[in-house]
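Throughout, protein chains are lettered first and strands after them, A, B, ... in sequence-line order, and every chain is numbered starting at 1.
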Protein chains: 2
Amino acid sequence: MLTLPELREKCRQRGVKLTPQRIAIFECLIQHAGHPSAEEVYQEVLARYPTLSCATVYNTLELLAELGEVREVIVDELRRRYDANVEPHQHAVCRQCHRIMDVEVDAATALRQTDLQTYGFAVEAVTVQFTGLCAPCAAAAA
Amino acid sequence: MLTLPELREKCRQRGVKLTPQRIAIFECLIQHAGHPSAEEVYQEVLARYPTLSCATVYNTLELLAELGEVREVIVDELRRRYDANVEPHQHAVCRQCHRIMDVEVDAATALRQTDLQTYGFAVEAVTVQFTGLCAPCAAAAA
DNA sequence: ATCGCTGCAAACGGTTTGCAACCTG
DNA sequence: CAGGTTGCAAACCGTTTGCAGCGAT
């Protein structure tokens, strides 16, 4: 989870401008633990910037991902989600309520050293995702 | 990889009709190792059934997934892809050409026993995905 | 004859694009 | 002051929906 001064520095290095909109979107992501979609970010920041356009949100999210400030999360084919937690971790996705939970599993960490040379594939990143039922949904089902 | 007679039997049990379109879509998936999208399946089967509609393709792919004959593969947020290989395995996705390769990794197999009780999460399935460069793209880059 | 399946066309929802006006560095 | 950024609106693309007609049991 990076801070605003760090973001400011990164923007300066990259020569991109740190506009109020970008700051607002970044802060929204930091405060939002729930892996929001672009649309959700748009709706939240819209309250502060009534003229905000969705194009700006998409541009900014892409920029933040390039800077390594946020991670794109793909759990379904419909929409991209964003995670301000850029530390190595995995996701547990509830098949009922579709909530996404950050988890940390040792066995998954070991996977990062996986060698796929026999397949002629150079691994750069590993994604692990668990699907199942979160506690509230498991309780509701019983 | 299931066979047509097995599919026929499953359909009979479920009480759904095995139409020529469904057979054609199923065969397309079996022959197609490249994890095709619905659109790609549609285009290929269209050659044999010029009146085929995309709705039928989507319906059939959903049905086949329910029957356990194919697996849905989510590698990007744009489109759903389908895999006729329903055996446990992982995917290696090339960030350059976006090709999807089936791989099998022991360490990933071990992940299936992961216990997320401390998170209050009941694991039902685990997905592992490697991102990197396939051999042709790595060669082209060098 | 019934009930499910198909084909068609329109709707839908997230994302992208082009461009003129604007504002940051 | 220049060039990146914004806002707007329309386009895009994969997917879904409603419905009339068809076909298998």
Side chain of B/V16 (C-beta onward), nearest among C/dC5, D/dG7, C/dG7: C/dC5
5'-most contact on DNA chain D: A/C54 or B/R79, nearest heavy atom basis? A/C54
Looking only at heavy atoms, what is the nearest atom pair of B/P20 and B/Y49, with distance? CB-OH, 3.1 Å
In whole angstrom, what separates A/R12's CZ from C/dT24's C1'? 15 Å
Minimum-distance nucleotide to B/S53 side chain [options: C/dG7, D/dT5, D/dG14]: C/dG7
Closest nucleotide among D/dG7, C/dG7, C/dC5 to the B/T51 side chain: C/dG7
Between B/R81 (CZ) and D/dC13 (C1'), how many Å, whole number? 14 Å
Heavy atoms from C-beta onward define the side chain here; which of C/dC3, C/dG7, D/dT5 lies closest to that of B/K17? C/dC3
Give a yes or no on this: more than 12 heavy atoms of other residues, nucleotides or ligands lie within 6.0 Å of atom CZ of B/R99. no
Can you tell me how far P of D/dT16 sits from CG of B/L61, to the nearest Å? 10 Å
If you look at every strand shown and take non-hydrogen atoms under 4.0 Å, does B/R80 touch a base, only sugar-phosphate, or nothing? sugar-phosphate
Between B/R22 and C/dC5, does any side-chain N or O lie under 4.0 Å from OP1 or OP2? yes
State whether A/Q21 places a side-chain N or O below 4.0 Å from either non-bridging phosphate oxygen (OP1 or OP2) of C/dC23. no
Could you state the atom-to-atom distance from OH of A/Y49 to P of D/dT5 in whole Å? 16 Å
For atom CG of A/D115, is the number of surrounding heavy atoms from other residues, nucleotides or ligands below 6.0 Å larger than 12? yes
In plain terms, say whether A/R79 and A/E40 are close enough for a salt bridge, that is, a side-chain N and a carboxylate O under 4.0 Å apart. no
B/Y58, nearest nucleotide to its side chain (from C/dG7, D/dT16, C/dT24): D/dT16
Are a donor atom and an acceptor atom from the side chains of B/D83 and B/H89 found within less than 3.5 Å of each other? yes
Which nucleotide in the list D/dG7, D/dT15, C/dG25 gets nearest to the side chain of B/A38? D/dT15
Could you state the CD-P distance from A/Q43 to C/dG14, rounded to the nearest angstrom? 10 Å
The answer to which of B/N59 and A/P20 contacts DNA chain D further toward the 5' end, by nearest nucleotide, is A/P20
Of the listed C/dT15, C/dC5, D/dG7, the closest approach to the A/T56 side chain comes from D/dG7
Separation of A/R14 atom CZ from D/dG4 atom C1', in whole Å? 12 Å
Using whole Å, what does the distance between atom C1' of nucleotide D/dC13 and atom CG of B/D76 come to? 12 Å
Return the value, rounded to whole Å, for the distance between atom CD of A/Q13 and atom P of D/dG4. 18 Å
